[in-house]
Amino acid sequence: ATAMAAGCLSDKLGGRRKPLVYIACCIMAFTSAAFAIGVRSFSTCLVLLALFGLGYGCYHAVDFAMVLDVLPDATDAARDMSIWSLALTLPQMLAT
């Protein structure tokens with residue numbers, strides 16, 4: 001849901017995607033720092049996880065949109081996106 005909302009907001013802002021990436025990264029950094037400091041209750045953990053999920057959903061959607069914006073040729077977009085996705089997942093597959 002966050003990814004769809006962030007994508008729509010990014011399109012409404014006229015393609016200005018960097019502010020959304022900055023906001024999403026700040027949300028994820030805040031929640032990660034809160035986890036590093038220490039979470040003492042399960043409910044606090046769930047709230048922080050929900051906040052991190054909101055930030056990650058926003059980042060993920062806008063990141064894909066930014067990649068599509070910088071592709072050199074729109075006719076090869078599917079091939080380029082599959083190579084990008086493979087570059088993200090292949091190292092994790094090989095490591096396990």
Side-chain angles (χ1 to χ4, degrees):
T2 305
M4 289 178 56
C8 291
L9 181 60
S10 171
D11 291 341
K12 285 188 185 275
L13 291 175
R16 294 182 49 212
R17 304 188 200 294
K18 284 183 186 179
L20 290 174
V21 170
Y22 294 148
I23 291 169
C25 288
C26 287
I27 292 170
M28 291 187 295
F30 168 75
T31 56
S32 296
F35 271 115
I37 291 169
V39 177
R40 300 208 187 331
S41 71
F42 184 68
S43 59
T44 305
C45 180
L46 290 178
V47 169
L48 289 174
L49 287 173
L51 287 173
F52 188 89
L54 291 173
Y56 185 74
C58 178
Y59 175 81
H60 197 62
V62 177
D63 188 38
F64 265 90
M66 286 174 59
V67 169
L68 284 171
D69 286 344
V70 298
L71 289 178
D73 189 13
T75 59
D76 293 331
R79 179 184 58 96
D80 294 340
M81 291 297 287
S82 66
I83 291 171
W84 180 57
S85 178
L86 185 64
L88 292 173
T89 57
L90 186 63
Q92 296 172 19
M93 289 173 40
L94 294 176
T96 57

Can you list the steps and then say if Gln92 with Thr96 is a side-chain contact (heavy atoms from CB on, under 4.5 Å)? CA-CA 7 Å; Gln92 296 172 19; Thr96 57; 5.9 Å; no

For residues Ser41 and Thr44, is any side-chain donor paired with an opposing acceptor at under 3.5 Å? yes

Minimum side-chain heavy-atom gap Pro72-Asp80 below 4.5 Å: yes

Verdict with supporting geometry, Asp76 and Leu71, side-chain contact (heavy atoms from CB on, under 4.5 Å): CA-CA 8 Å; Asp76 293 331; Leu71 289 178; over 6 Å; no

Test your reading of the model: is there a side-chain donor-acceptor pair from Thr31 to the backbone of Ile27, 3.5 Å cut-off? yes

I'd like to know whether CZ of Phe35 has more than 12 heavy-atom contacts from other residues, nucleotides or ligands below 6.0 angstrom. yes

Using the rule that Ile, Leu, Val, Met, Phe, Trp and Tyr join whenever any side-chain heavy atoms are under 4.5 Å apart, tell me whether Leu68 and Leu88 fall into a single cluster. yes

How many angstroms lie between atom OH of Tyr59 and atom SG of Cys25, to the nearest 0.5 angstrom? 6.0 Å

Identify the heavy atoms of Gly55 and Ala24 that sit nearest to each other, and give their distance. O-CB, 3.3 Å

Using the side-chain contact (heavy atoms from CB on, under 4.5 Å) rule, take Ser82 and Leu86 through it: C-alpha gap first, then chi angles, then the decisive distance, then the call. CA-CA 6 Å; Ser82 66; Leu86 185 64; over 6 Å; no

Would you mind checking if Arg17 and Asp63 are paired as a salt bridge, meaning a charged N to carboxylate O distance below 4.0 Å? no

Taking all non-hydrogen atoms of both residues, which atom of Val39 and which atom of Cys45 are closest, and how far apart? CG1-N, 3.6 Å

Co-membership, hydrophobic cluster, residues Phe64 and Val67, 4.5 Å side-chain: yes

Mind telling me whether Tyr56 and His60 have parallel, tilted or perpendicular rings, with 30° and 60° as the class edges? parallel

Is Val21 linked to Leu9 within one hydrophobic cluster, defined over Ile, Leu, Val, Met, Phe, Trp and Tyr using a side-chain heavy-atom separation of less than 4.5 Å? yes

CD1 (Ile37) and OG (Ser32) are apart, to the nearest 0.5 Å, by 11.0 Å

From Cys58 atom SG to Met28 atom CE, the distance as rounded to the nearest 0.5 Å: 8.5 Å

Going only through I, L, V, M, F, W and Y residues with side-chain contacts under 4.5 Å, is there a path from Val47 to Leu54? yes

